[in-house]
Amino acid sequence: MKLVLATRNLGKVKELTAMLNTDQQREDIHILSLQDFPDAPEVIEDRDTYQENAAKKATVIADYTGLRTLADDAGLEVDALNGAPGVHSKRWAGDDATDAVRIQKLLEAIEGASNRSARFVAAIAIAEPTTPNSSDSVNRVQVVVGKCEGNITYTPAGDSGFGYDPIFVPVGYEKTFAELGDAIKNKISHRSEALRLALKLL
Ligand code: ITT
């Protein structure tokens, strides 16, 4: 079965591929990514929820490729910021911000906060392409959600993973995702929980 990963985030491609190949042992799935479709349209993430953004990305790319497509929309919810940056995690610090800039802005925003609890949330959508004679768009996309609770550190540590991984310590651990490395992150992360649920749909 062919499955397109509708993401331009290479950190996500790496994690999803590793989880599908090793942890979930889905050798039956032939993984393609947007690198295989360089002219695929850019999908604007303008919805209010992770679920809606993931569904939008998956359906647009499924229709473009004509193949079953998986999309992931994720974010970090910080309690001291009432859940921000949340669904706006990518653009929160400006369109062209780097991971380092996003991290710095977050650490400054919660400087002095005693409650540093937070969670990663990931929605994964799986969409089927529209078939020429079908008007049934109701059931062609399914969405699941995974979460991972943790706390924000005072300084970044570690260099594996991507995004906010250097400042997020998952509950039950004393190191950041970026220090713990891919093998542990891929077992306990928001994305791994969502992927486990998503694979039940395939
Ligand atoms: P695609 O839409 O192309 O998939 P993206 O980078 O725009 O990639 P998201 O909108 O889903 O991805 O994620 C928004 C940001 O949230 C992302 O750029 C990271 O900074 C952060 N993020 C998401 N998942 C993360 C993870 O597992 N670890 C650390 N940061 C993460």
Side-chain angles (χ1 to χ4, degrees), residues 4-19 33-38 40-61 64 69-78 81 83-107 118-127 143-153 156-170 173 175-195 198:
V4 180
L5 304 182
T7 175
R8 290 197 158 79
N9 181 324
L10 297 181
K12 284 189 193 175
V13 173
K14 188 175 167 207
E15 285 182 14
L16 290 164
T17 304
M19 289 190 279
S33 78
L34 289 185
Q35 286 178 302
D36 298 300
F37 299 95
E42 186 81 36
V43 185
I44 309 295
E45 299 172 34
D46 54 1
R47 303 291 159 86
D48 293 332
T49 65
Y50 308 103
Q51 290 93 323
E52 290 171 297
N53 278 330
K56 181 178 179 187
K57 287 190 258 190
T59 48
V60 171
I61 300 300
Y64 177 78
T69 296
L70 181 156
D72 161 318
D73 196 60
L76 178 65
E77 299 181 351
V78 179
L81 301 175
V87 75
H88 305 295
S89 291
K90 178 86 180 288
R91 289 183 187 78
W92 190 64
D95 275 354
D96 300 322
T98 60
D99 283 343
V101 168
R102 282 191 272 266
I103 284 175
Q104 200 49 43
K105 178 169 172 171
L106 188 75
L107 290 177
R119 71 204 52 75
F120 274 122
V121 182
I124 286 184
I126 297 196
V143 190
V144 293
V145 176
K147 293 187 182 181
C148 180
E149 298 287 337
N151 287 284
I152 304 297
T153 57
D159 43 33
S160 113
F162 66 95
Y164 298 95
D165 283 344
I167 55 167
F168 183 84
V169 175
Y173 293 81
K175 291 182 173 174
T176 67
F177 262 160
E179 292 175 294
L180 291 168
D182 294 344
I184 294 179
K185 182 181 178 190
N186 289 345
K187 279 200 170 59
I188 63 169
S189 77
H190 47 308
R191 185 159 295 108
S192 73
E193 185 185 24
L195 186 63

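Just so it is clear, the values below take in all heavy atoms, side chains as well, and ignore hydrogens, waters and symmetry mates. The structure presented is a predicted model; accordingly, all values stated were derived computationally and were not measured. As the structure lists them, so they are numbered: ligands from 1, and atoms in each ligand from 1.
Heavy-atom contacts of R102 reach the following atoms of ligand 1: 20 (O) (cutoff under 4.0 Å). Within ligand 1, the atoms closer than 4.0 Å to a non-hydrogen atom of D72 are 4 (O), 11 (O), numbered from 1 in the order shown. Using a 4.0 Å cut-off to heavy atoms of K185, the atoms of ligand 1 that qualify are 26 (C), 27 (O), 28 (N). Within ligand 1, counting atoms from 1 as listed, the ones closer than 4.0 Å to a heavy atom of D165 are 26 (C), 28 (N), 29 (C).
Among S89, A123, A93, the residue whose heavy atom lies nearest to atom 16 (O) of ligand 1 is S89. Between the choices F168, F162, Y164, Y50, the shortest heavy-atom distance to atom 25 (C) of ligand 1 belongs to F162. Counting only non-hydrogen atoms, the option in R8, E45, H190 that gets closest to atom 3 (O) of ligand 1 is R8.
Closest protein heavy atom to atom 8 (O) of ligand 1: N9 CB, 3.4 Å. The nearest heavy-atom contact from the protein to atom 18 (O) of ligand 1 is K90 CD, 3.2 Å. For atom 12 (O) of ligand 1, the closest non-hydrogen atom on the protein side is K12 NZ, 3.0 Å. Counting only heavy atoms of the protein, atom 24 (N) of ligand 1 lies nearest to R191 NH2, 3.0 Å. The protein heavy atom nearest to atom 4 (O) of ligand 1 is T7 OG1, 2.6 Å. Among protein heavy atoms, atom 19 (C) of ligand 1 sits closest to G163 CA, 4.0 Å.
In terms of heavy atoms, I188 sits closest to C148 at O-SG, 3.6 Å. Scanning all heavy atoms of the two residues, the minimum distance from A40 to Y64 falls at CA-CE2, 3.6 Å. Between A71 and A6, the shortest heavy-atom contact is CB-CB, 4.1 Å. V87 approaches R47 most closely through the heavy-atom pair CG2-O, 4.3 Å.
Taking a 6.0 Å sphere around CG of D96, one finds it holds 12 or fewer heavy atoms contributed by other residues, nucleotides or ligands. More than 12 heavy atoms of other residues, nucleotides or ligands shown are found within 6.0 angstrom of CD on E149.
L76 places a side-chain heavy atom less than 4.5 Å from the side chain of F120. The shortest distance between side-chain heavy atoms of K57 and E45 falls below 4.5 Å.
Looking at K187, R191, K14 one by one, the single match for salt bridge (Lys or Arg N to Asp or Glu O under 4.0 Å) with D182 turns out to be K14.
At least one N/O-N/O distance between A74 and ligand 1 falls below 3.5 Å.
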